[in-house]
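Here the structure is laid out as structure tokens; the discussion comes afterwards.
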Amino acid sequence: MRFVRDYLAPRLIQYVLVVFCGITAVFFIPRFAGQDPVLEIIAQIQTQGSSLDPQAVRSLMETLKELYGLKGSLFEQYLTMWRRIFTLDFGPSFFQFPTPVSQLLRIYLPWTIGLFVTSTLLSWILGNVIGGIAGYFSGKSWSKILDAVIMVIRPIPHYIFGVVLLILFAYLWPLFPAGGLILGRNVTWNWNLVVTILRSSFLPALTLVVLGGVVWFQQMKLLVQNVKREDFVEYARVGGVKERRIVFRYVLKNAMLPQVTQLTLALGQVFSGVLIVEMVFSYPGIGLLLYRGVTRGDYNLVMGITVLSIFTIATSVLLLDLFYPLLDPRIRHR
Amino acid sequence: MRRVALVIGLVLVLAGVAFAQLPGGVPRNETLIVDQLTGRVGTPSNFNLWAGWRWQDRGLQQLVCEPLWTVDYATGEIICGSAAELPQYNEDFTKMTIKLRQGVYWSDGVPFTADDVVYTIDLHIRTPGLLYHGPMAEFVDKVYKTDDYTVVVELKKPNSRFHTHFLDRWGCLRIMPKHIFEKVEDPVTFEFNPPIGCGPCVLKDYDPAGFWTLWERREDWQRTPTGMLYGEPKPKYVLFQAFETEEAKILAQLRHELDMAQFAPEGLRVVLERSDTTRGWRKEWPWVVNIDPCITGIIFNNMVEPYNIKDVRWALTLAINMVEYMATAFDLMAPVSPIHLPPVPAYVEAFFNPMEEWLKNFELDLGNGEKFKPFDPEIPQRIAQAAKERGYPVPEDPKVIKELFGIGWWKYAPEVAEKLLKKHGFTRGADGKWYLPNGNPWKITIVTDTNPAHHHYRNAMAAAEQWRKFGIDATVNATEAFNSLHLMGEFEVGTMWPAAEPWGAGVDLSRTLDPWRSSLVAPIGQAVTLGPGGAARWSNPRLDEVIAKLEATDPFADVETTRLLGIEALKILVEEMPTIPTYGYCGAVAWDEYYWENYPGAENPYSQPYQHWPNFKYMLPFLKPKK
């Protein structure tokens, strides 16, 4: 009971509050940003050629407001939004009307999950393994060279790194496509399709793995360097425990805790997508979709994506809080 | 070892398909690949362009639809597509007769007839969710056919411009296939997939993520207006592809994977420098398309003080050094325009040249009987000189210089601007800064687009720089809410289009002038319905009179009257300067001649040059394969 009162209940309350405040903020912020989705569509139709009569434009505005669910007071729209959230129906995308937001999410989310989750896990594993070893053997010359190389790569922005890869592997040595995926409307799963997806995802994945990996590497290296100087490691060494056991059971295991936390939080950000990488490689992910939604004042689309994002991150943190005692005995005993 | 072999194997597989096929598996040398102007398609499976914005420039308007009439601003002609001739009005403009081209078939083999036209108009009258419901319901009393190729539209009230709803210049009411839509329960939600049209191509494949759409030439292309007018479209396939970044587009064109593309000027320069096979509209500097039908510039909110004062607007015009402005805005590559029109060929002949003498003699009243002639015909020469100083190969021929840089613009006359401002109580402080009549410092915030490559943004930066030099605290606010703010009137100065695009062909300026009708001016906080030009919230009784006279003319039968009324209106706009036109929009397009050649160019302007315009279908028969 004490666990529920002192540990579980406060965290659940915090979880509900975070989700409620986050979603409320997401509802109001775009509406106060000065952008009107109906006017955005009207401006597009006008500036891109159509010569509608003023009467027709006024009638179109009314129709769009009706269709978009933008009629009624702000409070009524707010209540409608909560109703929609509980049924996971975010309404139609304004800019891509009449396509429902849920359909857009179904189309784009798998691509982001495929790219983002795979590359995050890969960069996490590589960064931690190499960083851990380099940290333990930080006195060796190869470790210092590796450190210097990583120091050079780390500050490179995703955009620049992606374009460099494109120039190298899509232009000078044209192994990979420069223009994104070439899947058609009637996709049939076969070896060719797998190769096509691999080819199109390779460079964006490489960008994320390398630039993500160097961050994990540096964090892990520092953690390991600190842990290996701890008394219990020294004690084990003096006690004659084998080096291999010291590395994996004493040092790496202890250094991993913050990295696991960070990984959970990183994976929770899948709904934000990886906008810059998706842009550089014309990758059909959720980041680009969100960007379009923000720039076009597409409230429903922004709402749909950010609501899922808030849920995912808040739930990740909650689960982490709940499971952390299992990973870290110090928390368990407090 | 096995792991190494696996990695090597994977790399070999990837390398083996490195030069993989195009979407749909079509051969490259039979495919024309073009850049999609409006980016990734948001509704990839929906081709119903009658029911909303459907990214119609993905090939729908260019290759599938065949409108009754299309303007071509390069030739100055109106092309009769599925119509056999221009529309005929009765004397009081209450009846319009449309003659249709015979022998045209829809792409599914059904004949195109008057029934389709009647059905389209009728359906629009009945269906509020369709884009053109408003004008059809407002104007059409009766629509009927007199034979299979003649349609008569009887109007509820006189309208000499009713045909413009069917005149394609990047949007119009295109004719629907009756045999498809009459079976549809709800024409608004119907996806129209695959699309059926009278254009020369049919849908072959598309990307569900919206990055590309592939079209195939119809086997019966002879039964389309394009085929009848110009012959066989040479590419068998046309692929529209969207690129999210300029860099990817540049790389694709350098790899010969993109034949036609529009870039920012910097991107165009890179492509032309790096590729031996790429050319621009002009083969020499300044390369860009300088006959675009848009005019760029500065827009004032005429309902906000002090921009409601004509002299203030003129003072801000004369505070601009146009040579410096053009150097900042577009690297001296665009034609300046002193009137609210772009310098498309038809307008140079009909309006620019005939107005030149009037512009030279035009005077501003500075007060106390003092007059000033603001027009400066030497500006093009000075721009040419500045370009030479930047090292560009500028032609010497004055005729070419005029063609490149325009007929002139307004003098840089800060001392005259000062007089105009002081007339209204503005003061200049000891610090050289300007103060409003109420004593507050004069601050101008120019609201503009966020895209640095867009002419809106470039105009804003150049204007702010000029006005700062003049002593006004001018800044730029680039915001995503740019359109909404302009339409609602929540701005003082901005860089939306200073005037609506005209039709581009013929001499009818109704499209440019209409947004300035007194009846359309909306109070601040209420959206204006015709944004370009109209966002200035300006009107003038003299202009209302001209618009009324224009409405009473037949633009086809009374060409000269229409033209003269246009000039009369343009003079009023110069006198009042409700917005400042600066230069004609320039398109930085590049064409790769590796697979295809004979694109239209300045030396051979047989068609408008963009792949995103509806006329693109008429360009295809002129292209020649090289591989």
Side-chain angles (χ1 to χ4, degrees), chain A residues 33-36 39-61 63 93 95-99 107-108 111 163 166-167 170-171 174-185 195-196 198-199 202 278-282 284 288 292 294-295 297, chain B residues 13-15 17-20 22-24 38 40 42-43 45-46 52-53 128-129 131-135 138 164-165 169-172 189 205-212 241-245 247-248 251-252 254-255 257 479-481 483-485 487-488 490 497 511 520 527 529-532:
Chain A
Q35 245 180 320
D36 182 329
L39 293 181
E40 289 298 317
I41 295 286
I42 297 294
Q44 179 157 40
I45 290 171
Q46 286 176 346
T47 54
Q48 296 190 333
S50 291
S51 57
L52 299 182
D53 278 0
Q55 187 54 42
V57 175
R58 285 193 195 103
S59 137
L60 184 60
M61 281 182 185
T63 309
S93 160
F95 183 55
Q96 299 170 39
F97 189 82
T99 317
I107 293 172
Y108 296 107
W111 290 104
V163 171
L166 270 182
I167 291 171
Y171 177 55
L175 265 179
F176 298 99
L181 286 153
I182 56 161
L183 304 179
R185 62 185 146 154
V195 171
T196 302
L198 278 178
R199 283 188 67 236
F202 190 81
E278 287 174 9
M279 278 182 83
V280 171
F281 296 100
S282 296
L288 270 182
R292 289 268 180 274
V294 170
T295 55
Chain B
V13 167
L14 294 177
V17 289
F19 305 98
L22 292 173
T38 53
R40 185 166 61 143
T43 51
S45 62
N46 194 322
W53 173 248
L131 278 182
Y132 280 80
H133 162 71
E138 185 185 353
T164 59
H165 294 298
R169 53 143 328 285
W170 238 100
C172 73
T189 54
D205 202 356
Y206 65 86
D207 174 19
F211 277 104
W212 55 264
Q241 189 164 359
F243 296 84
E244 285 294 336
T245 66
E247 292 80 6
L251 289 176
L254 295 179
R255 279 173 56 160
E257 290 176 354
T479 166
E480 297 292 357
N483 279 319
S484 301
L485 294 177
L487 294 183
M488 298 297 279
E490 286 158 358
W497 310 109
R511 194 168 193 274
L520 293 185
T529 49
L530 294 172

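Throughout, protein chains are lettered first and strands after them, A, B, ... in sequence-line order, and every chain is numbered starting at 1.
Proximity to chain A involves both the backbone and the side chain of B:Phe243, based on heavy atoms less than 4.5 angstrom apart. Interface remark: A:Tyr108 contributes side-chain atoms only to the contact with chain B (heavy atom separation under 4.5 Å). Only the side chain of B:Leu487 comes within contact range of chain A, with at least one heavy atom under 4.5 Å from a heavy atom of that chain. Both the backbone and the side chain of A:Leu166 come within less than 4.5 Å of a heavy atom in chain B.
Of the listed residues (B:Gly42, B:Gly134, B:Gly129), the one with the most heavy-atom contacts under 4.5 Å to chain A is B:Gly42. Between chain A and the options B:Asn46, B:Leu254, B:Leu485, the largest number of non-hydrogen pairs under 4.5 Å is found for B:Leu254.
Within the 3.5 Å criterion, the main-chain N or O of A:Thr295 finds a donor-acceptor partner in the side chain of A:Gln35. Without hydrogens or angle criteria, B:Ser484 side chain to A:Asp36 main chain gives a donor-acceptor distance under 3.5 Å.
For the atom pair A:Phe176 CZ and A:Leu198 CG, the distance stands at 9.5 Å (nearest 0.5 Å). Atom CG of B:Asp207 and atom OG of B:Ser45 lie 11.5 Å apart (nearest 0.5 Å).
For the pair B:Thr164 and B:Arg511, the minimum side-chain heavy-atom distance is 4.5 Å or more.
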